[in-house]
Amino acid sequence: MSDEDYNESVLRVVESIPPGKVLTYGAIADIVGRGGPRQVGAVMAQVGGGVPWWRVVYADGSLPGCHRPDALDHYREEQTPMRAGESVVDIRQAFWKDA
DNA sequence: CTCTTGACGCCGG
DNA sequence: TCCGGCGCCAAGA
């Protein structure tokens, strides 16, 4: 497995996330079966520009600072479950339990 | 080769 | 339930 294959695997998982749902860095790392949350984050930072990056959040549903207000627009558009009045995803409901 | 840094996560107070 | 701190893994200086 080369680095490129790893990147591709991560990107593929992110692309497979349906609208209104989200996955955590740790979950993605677990699905890919290689590296850890930090590595997934590293991949996203480098080549995550072409995928629905806003559907990837912290394990507690909070947003990485890099998502900026842009992600909020997508969430509103996709009807993503959010915590009332707070820019935080309701991980309990939004977590994509299949994969 | 060692130290720091970063799109993270879990444990304990 | 909220906060702070420690642990992890790889890349870069």
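So that the names make sense, note that chain A is the first sequence line, chain B the second, and so on, each numbered from 1.
Of all heavy-atom pairs between A:M44 and A:V56, the closest is CE-CG2, 4.3 Å.
Whole-Å rounding puts the A:D3 CG to C:dA10 P distance at 11 Å. As rounded to whole Å, 14 Å separates atom C1' of B:dG6 from atom NE2 of A:H67. Taking atom OH on A:Y58 and atom C1' on B:dC10, their separation rounds to 15 Å, with Å as the unit. Taking atom CD1 of residue A:I91 and atom C1' of nucleotide C:dT1, one finds them 17 Å apart after rounding to whole Å. Summarising the geometry, the separation between OH on A:Y6 and C1' on C:dA11 is reported as 13 Å, rounded to the nearest angstrom. For the pair A:D60 CG and C:dG4 P, the computed distance is 14 Å after rounding to whole Å. Remark: P of B:dA7 and CG of A:L23 are 20 Å apart, rounded to the nearest angstrom. Between A:R68 atom CZ and B:dA7 atom C1' the separation is 12 Å, expressed in whole Å.
Contact annotation for A:G35: no contact, since no heavy-atom pair falls under 4.0 Å across all strands. At a threshold of 4.0 angstrom between heavy atoms, the contacts of A:A42 with the nucleic acid are absent.
Checking side-chain atoms of A:K21 against main-chain N and O of A:T80 turns up no donor-acceptor pair under 3.5 Å.
Taking side-chain N and O atoms only, A:Y25 has no distance below 4.0 Å to OP1 or OP2 of B:dA7.
Using a 30° and 60° split on the angle between ring planes, A:Y58 and A:Y25 fall in the tilted class, from 30° to 60°.
Linking Ile, Leu, Val, Met, Phe, Trp and Tyr residues whenever their side-chain heavy atoms come within less than 4.5 Å places A:W54 and A:L11 in a single cluster.
Checking C:dC2, B:dG9, C:dC9 against the side-chain heavy atoms of A:R83 singles out C:dC2 as nearest. In the set B:dA7, C:dC2, B:dG9, B:dA7 carries the atom at the smallest distance from any side-chain atom of A:W53. Out of B:dC10, C:dA10, B:dA7, the shortest distance to the side chain of A:Q39 is found at C:dA10.
With hydrogens and angles ignored, no donor-acceptor pair under 3.5 angstrom links the side chain of A:R38 to the base of C:dC9.
We find the OG-CD distance between A:S62 and A:E86 to be 11.0 Å, quoted to the nearest 0.5 Å.
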